Amino acid sequence: MNSKYEIVIGLEVHVQLTTASKIFCGCPIRFGAPPNSQTCPVCLGLPGALPVLNRQAVQMAIIAGLATGCEIAGRSVFARKNYFYPDLPKGYQISQYELPVCRQGELAIVTEAGGKTIGITRIHMEEDAGKLLHTEAEGGRYSQVDLNRACTPLLEIVSEPDLRSSDEAVAYLKKLHQIVVYLGVCDGNLEEGSFRCDANVSLRPWGQKELGTRSEIKNVNSFRFVKQAIDYEVERQAELLDEGGKVTQETRLFDPTAGTTRSMRGKEEAHDYRYFPDPDLVPLVISRQWVEEVRATLPELPQAKVERFITELGLPLYDAEVLAAERQIADYFEACVAAGGQPKACSNWVMGEVIRGLNAEAIDIAACPVTPPRLAGMLQRIDDGTISGKIAKTVFDEMWRSGQGADAIIEAKGLRQVTDTGAIEPIIDAIIAANPAQVEEYRSGKEKVFGFFVGQVMKASKGKANPAAVNELLLKKLKA
Amino acid sequence: MNLTDLTIHQLQAQLRRRDVSAVEATRAYLERIAATDPQVNAFISVTDKVALAAAEEADRQLAAGEAGPLTGIPLALKDIFVTEGVRTTCASRILENFIPPYDGTAVRRLKKGGAVLLGKLNMDEFAMGSSNENSAFGAVKNPWDRQRVPGGSSGGSAAAIAARLAAGTLGTDTGGSIRQPASHCGVVGLKPTYGRVSRYGVIAYASSLDQVGPLARDVEDCAVLLQAVAGHDPLDSTSVDTPVPDYDGALRQGVKGLRIGLPQEYFIDGLDPEVRDALEAAVAVYRELGAEIVEVSLPHTAYAVACYYLIATAEASSNLARYDGVRYGLRIDRGEGLIDMYRQSRAAGFGAEVKRRIMLGTYALSSGYYDAYYLKAQKVRTLIRQDFLDAFAQVDVLLTPVAPTPAFRLGEKTTDPLQMYLSDIFTIPVNLAGTCALSVPGGFSAAGLPIGLQLIGRPFGEETILQAAHAYEQATEWHRRKAPIE
Ligand SMILES: [Zn+2]
């Protein structure tokens, strides 16, 4: 927290959608394909080619809009953003300007400073540009253009300047990231650029109403870098202001190796994008009915899940948050409960053995060898006393390894817990007979020795004796 | 009679009877192009081999009795239509060696219909012009008088019909680019309603105004060509999904009881007396045929040219941004960096008129000017469209001149862009309104130059204007005259 200035941050997040094909043509979207292999006349910007809007991209925009509490516009318009750059094949980017698809949403975040709601100004749809590859070969420097990424669908999610610290900015980004991944509209891959962010940062003296001059930091692609870039920028601007200087409105680039930002272009060099409605596309009309259909299929969001896990399943807050953080994990957990598992037991096992196993083998929960019904089945065997909690770990490992069900493993390995007093009694009698000294100690009041007897009995039964039954019988026999 | 003198429907009948083969008809045209086109300069590229191969295939289909209305008919395309494997220049240096990897929708439909494509036709560069003098491949000459312009921008498409270098052609019309050259060359040219024909694979000039249409020797041929290319296309979001009527079937219904409107704003002072006479004579013909003549008003006509030159150039400034020397087309790179490459390539690649319009349009969209120019023009456009809808509440078609004068001399207006722009004063409002219109031969000046009549129809009312034009054509002889060129 700065003593003199209030920090004001607004974020523009670019979210690449997980549609099967590009936003204005039928080309597939594949990361890492050979350059220009995923292209056609439309995304190459060839003369005469025309864009046709991908309905699935619109559907995803509606999903994201609803999940962030936005109004979905009944009529929105695609506009051309005109500028020259070699990775932009048409000399303009098809985007939305005056009439975006979603407006006026919000996102709740929590930081150490507490909870807060961040306004979302708008969400609009646009196409991505291609990529430039710079090479040096045969004595010359060349730039090559790869248009595989050109025309892939993006959502640009613009926040209000409601964020007051880099921590809030990161909390907002993480929350937004979690939601779009949860909704399945984005793969969330930060390294591949599926989720990237521009940050608008300005300072103003505490109490001042109007915003200070901002700088825009471009294309920061990790949560850590966002924090670094904002912190650096805040410090830079504060120093400027302290020295009586002025912040200039400009676009700055973050340098991750140096951890600093540097000027990319000033206001004077700022582009006049000459936006105007794209005459090749008709206005996008979204019916109320479509919106309601999407709303009906909207998955439950993390926050709602946490609350439900607590109130309906009786989980502690910590468990609920861990399980709800990732949609697949939450789904797995709920499938276990649905298959008859007791919620808290399911939670313990998912957060414990399951996640540990997944991490150890670096596999996705979708590939988990122990299915939710299997896990629930095993938990039932603990419940009904067939196996002890301790033996269950062995059973679980075997289930993971072999893919078999708990019952088969319990039978094959003879792990069934012995609850039959008729079977336990002779063992106890033998132990008491073999340890007269300890019996004497116990009877003279050293009750701690009781644990020794339990251990001996369990050992003799190879862990299969029901501990409750052992306790009860031992107590009876020792006190006799 | 020469094969090259036949209309499409006449040639079609002969092909069906096997009196003549598609290969013979194609050879006749190719020979005539070789002999005659040097006087006209209508073609930028002649595709002999492609044409003969298509003709052979057409003959097989004809022999098998599988022929459609265009099977074996030699046609040619304005060089604005993207053609797979065939150089497509848009009459610009910047695309001088551009060979597209795909066919546009209209081209695909013609090919599928068995048409034989003879080559690519000259035009004003990027369809910007009214005289066909703005071509990197030289001006097109009017077949009726080689000292005069054929009109533009589809000058090659009109001249090729008049000089009998193709049985039919396709052009595009953004502000009159089919109708005005059709008028100047004494042929029939139709601009369909915006959205009637796909723009996919048509190099864009002004996307909200561009429309593909046919040019032909008579109204019936126009109907046949329109039938072949009209209809919804999922690749063009602005193409409209309404059923395509049977145009040929509607032709012969006459005009008895048809209400024909004469917009008073079109009878301006600058109207050439010979054009006025032709129009009045046409009114008399229609009266005779039983049509009812009604005076109507299109009150915002005076603003149409200004409105057009803001909207069209604004869209063009953006549409032409892709010609940057990076991926295809002309590149001039002196090794001084990216910006220099852009500047040099575009400076050398575009002609003067194209540059003028890019600058005009860039200005109209610029921050601080957008509202005053582009947005205002859009509002005026709405008013102009409403003018037409109001008029069509009273009448079925409008009858107007196509151009204020017959074809002017080469070089006459090249130094005065404004004068040139005003030559489209009667055609531009139709594009702004997005409706349909055609030009049909309506007489000759004393100097022997053709004068066209414009019939304007309701949106998707192509049937009605074809029907009205056909009735007039049947009652007159103008379309039978041949341009004096051998
Ligand atoms: Zn593509």
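As the structure is a prediction and not an experimental result, all values here were calculated from the model. Letters A, B, ... are given to chains in the order of the sequence lines, protein chains preceding strands, and every chain is numbered from 1.
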Could you look at D272(A) and say if it's the side chain, the backbone, both or neither that has a heavy atom under 4.5 Å from chain B?
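It is the side chain, since no backbone atom gets that close.
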Engaged part of L44(A) at the chain B interface, taking heavy atoms whose separation is under 4.5 Å
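Only the backbone of L44(A) comes within 4.5 Å of chain B.
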Is it the side chain or the backbone of [X] that comes within 4.5 Å of chain A heavy atoms, both, or neither?
X       : value
L338(B) : side chain
Y369(B) : neither
T362(B) : both
Y205(B) : neither
A206(B) : neither
F81(B)  : neither
Y342(B) : side chain

Heavy atoms only, distances under 4.5 angstrom: which of V145(A), V282(A), V42(A), D280(A) has the most pairs with chain B? Name it, please.
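Of the candidates given, the most pairs with chain B belong to D280(A).
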Between P89(A), C40(A), P41(A), which has the largest tally of heavy atom pairs under 4.5 Å with chain B?
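The answer is P89(A).
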L50(A) CG to R199(B) CZ distance, which is reported to the nearest 0.5 Å
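The distance works out to 5.0 Å.
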Does some side-chain heavy atom of L66(A) sit less than 4.5 Å from a side-chain heavy atom of V291(A)?
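Result yes, sub-4.5 Å side-chain heavy-atom pair found.
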If you define the side chain from C-beta out and look only at heavy atoms, does anything of N134(B) sit under 4.5 Å from V354(B)?
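N134(B) does not reach V354(B) side chain to side chain.
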With under 30° as parallel and over 60° as perpendicular, where do the rings of Y83(A) and Y273(A) fit, or are they tilted in between?
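Taking Y273(A) first and then Y83(A), their aromatic rings stand perpendicular (interplane angle over 60°).
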In terms of the angle between their ring planes, are Y323(B) and F350(B) parallel, tilted or perpendicular, with boundaries placed at 30° and 60°?
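Perpendicular, since the angle between the ring planes exceeds 60°.
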Could you work out, with ring-ring contact (aromatic ring centres under 6.0 Å, His included) as the rule, every residue matching Y374(B), not counting sequence neighbours?
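Listed in chain order: F276(A), Y370(B).
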Determine the option with the most heavy-atom pairs under 4.5 angstrom with chain A, choosing from [options].
options                            : value
S318(B), G335(B), S317(B), A204(B) : S318(B)
S208(B), G201(B), G104(B)          : G201(B)
V82(B), L95(B), I203(B)            : I203(B)

E127(A): which of K90(A), R80(A), K22(A) passes salt bridge (charged side-chain N to carboxylate O under 4.0 Å, His left out):
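Between E127(A) and the candidates, salt bridge (charged side-chain N to carboxylate O under 4.0 Å, His left out) is satisfied uniquely by K90(A).
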Using the salt bridge (Lys or Arg N to Asp or Glu O under 4.0 Å) criterion, which residues pair with K218(A)? Sequence neighbours excluded.
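K218(A): salt bridge (Lys or Arg N to Asp or Glu O under 4.0 Å) contacts with D198(A), E216(A).
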Could you tell me if the ring centre of Y92(A) sits under 6.0 Å from that of Y275(A)?
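No.
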